[in-house]
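What follows is one structure encoded as C-alpha cells, with my remarks underneath.
So that the names make sense, note that chain A is the first sequence line, chain B the second, and so on, each numbered from 1.
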Amino acid sequence: MKLATWNVNSLKVRLPHVIDWLKTNQPDMLCLQETKLTDENFPVKEIAEAGYESIFAGQKTYNGVAILSKQKGLEVVSALPDFVDEQKRVIAATFGDLRIVSVYVPNGESVGSDKYDYKMRWLPSLTHWLQQELKVYRKLALLGDFNIAPEDRDVHDPELWEGKVLCSQPERSAFGDLLKLGLSDSFRLFDQPEKSFTWWDYRMMAFRLNRGLRIDHILLSTDLARDCAACIIDKSTRKLERPSDHAPVLVELS
DNA sequence: ATGGTAGAGGATCTA
C-alpha cells in the first residue's frame, strides 16, 4: 500500500505531471493541495483514464484539496466541522479500514498578520476534529501541506528562518499538538539524508541551491506507523518543465 | 534592502 501527498500549485497546469506520476508510482491514494479549481472544472475524466477515482473540494483561484485513489472513497468530509470557513482546505474519506485526510494548512503570510491569526485558529480546530476521528478510525493518515517546518533540521538556514512564519514556535507547538494525538511524522521513522526538503521558493534559484523547507508531511496513527516500511520525498518532479514548487512525499505500508 | 517567480485572471492577491 502506497500513500502520497503533493501540493501541485494548480492542477490545471500540473495535470500532465500528476498523470505521469500516478502511472510511474502507482500509489493507492494521492492527496493533492492547491488544486485552484472549482469542482465543475476538476479533471475527473483524465484522472479516471489513468485508473483513479477523484474526490475533491475546490474553489476559484485559491486553495482546493483532493484525494485520487484506486478504490472509491466513502464517508467523505470536506470541511472542518467546527470551523466556519470559505476556504477549501480539508477533504477526508474512508478506503476499507483506512481513513485518509488531505489538508492544506493556511500559509500564515507572516507572524502577527491576520493570515497568521487565521492559521493559528485553524490548526487547533483541525487537531480537535482529528481527536474525534481517531476515536472512530484506528488506521488514520493525515497527509498534506502543513506549512510548518517542525524542527531546525527541516530548514535550510535555521538562523535566517528563526521565528519566521512556517518556523515560529507557536506553529511548531501546534504541529506538536497533532503528534500528541498519537500521530507519527512518518519521515522521521527512518534515517534520512540531511537537508531533505519538500518545498523550494521559485525565486533566487532556491531549488538549485537546495534552499528549501520540509513542510509537506505524512502523519500516521500508531496502527499505521507500525506498518510503515518507508517514507521518501520525490525531488525528481521539481526538475520537470514548469514544476510545482513542492515535491511529493510518499509512504509505503506493509 | 522587502527585491525575486509562479499561478489565476485580467489589477492585484497569494504563496
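A/Phe207 comes within 4.0 angstrom of no nucleic acid atom, judged by non-hydrogen atoms across all strands.
Contact between the side-chain N/O atoms of A/Arg14 and the OP1/OP2 oxygens of B/dG7 is found at a separation under 4.0 Å. Look at A/Lys12 and you won't find any side-chain N or O under 4.0 angstrom from OP1 or OP2 of B/dA8.
Atom pair A/His17:NE2 and B/dG7:P shows a separation of 10 Å (rounding to whole Å applied). The NZ atom of A/Lys36 sits 7 Å away from the C1' atom of B/dA8 (whole-angstrom rounding). Rounded to an integer number of Å, the gap from A/Lys119 NZ to B/dA15 C1' is 11 Å. Per the geometry, CG belonging to A/Asp201 stands 12 Å off C1' belonging to B/dG3, to the nearest Å. Rounded to an integer number of Å, the gap from CH2 of A/Trp200 to C1' of B/dT5 is 16 Å. If you take CG of A/Asp245 and P of B/dT14, they are 17 Å apart, rounded to a whole angstrom. If you take CG of A/Leu37 and C1' of B/dA8, they are 11 Å apart, rounded to a whole angstrom. Between the CD atom of A/Gln59 and the C1' atom of B/dG9 there is a distance of 15 Å, rounded to whole Å.
Among the nucleotides B/dG7, B/dG9, B/dG4, the one closest to the side chain of A/Met204 is B/dG4. The side chain of A/Arg203 sits closest to B/dA15 out of B/dA15, B/dG9, B/dT14. For A/Arg89, counting side-chain heavy atoms from C-beta on, the closest listed nucleotide (B/dC13, B/dA15, B/dG9) is B/dA15.
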Evaluate the criterion side chain to side chain contact (heavy atoms under 4.5 Å, CB included) for residue pair A/Val18 and A/Glu46; output intermediate values, then yes/no. CA-CA 10 Å; A/Val18 170; A/Glu46 291 87 340; over 6 Å; no
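Each of A/Gly108 and A/Tyr202 was assigned the nucleotide of DNA chain B with the nearest heavy atom; the assignment lying further toward the 5' end belongs to A/Tyr202. Along DNA chain B, the nucleotide nearest to A/Gln87 and the one nearest to A/Leu11 differ in position, and the one closer to the 5' end is contacted by A/Leu11.
Side chain of A/Arg14 to backbone of A/Val8: a donor-acceptor contact under 3.5 angstrom is found. Looking at A/Glu252, its side chain never comes within 3.5 Å of a backbone N or O of A/Ala230 through a donor-acceptor pair.
With both ends at atom P, the span from B/dT5 to B/dG9 equals 22 Å, rounded to whole Å. Between B/dG3 and B/dC13, the two P atoms lie 14 Å apart (nearest whole Å). Straight-line distance between the C1' atoms of B/dG4 and B/dA15: roughly 13 Å, to the nearest whole Å.
Of the charged side-chain nitrogens involved, at least one lies within less than 4.0 Å of a carboxylate oxygen, so that A/Arg172 and A/Asp152 count as a salt-bridged pair.
Screening A/Met120, A/Lys115, A/Arg89 against A/Pro106 for a side chain to side chain contact (heavy atoms under 4.5 Å, CB included) leaves a single residue, A/Arg89.
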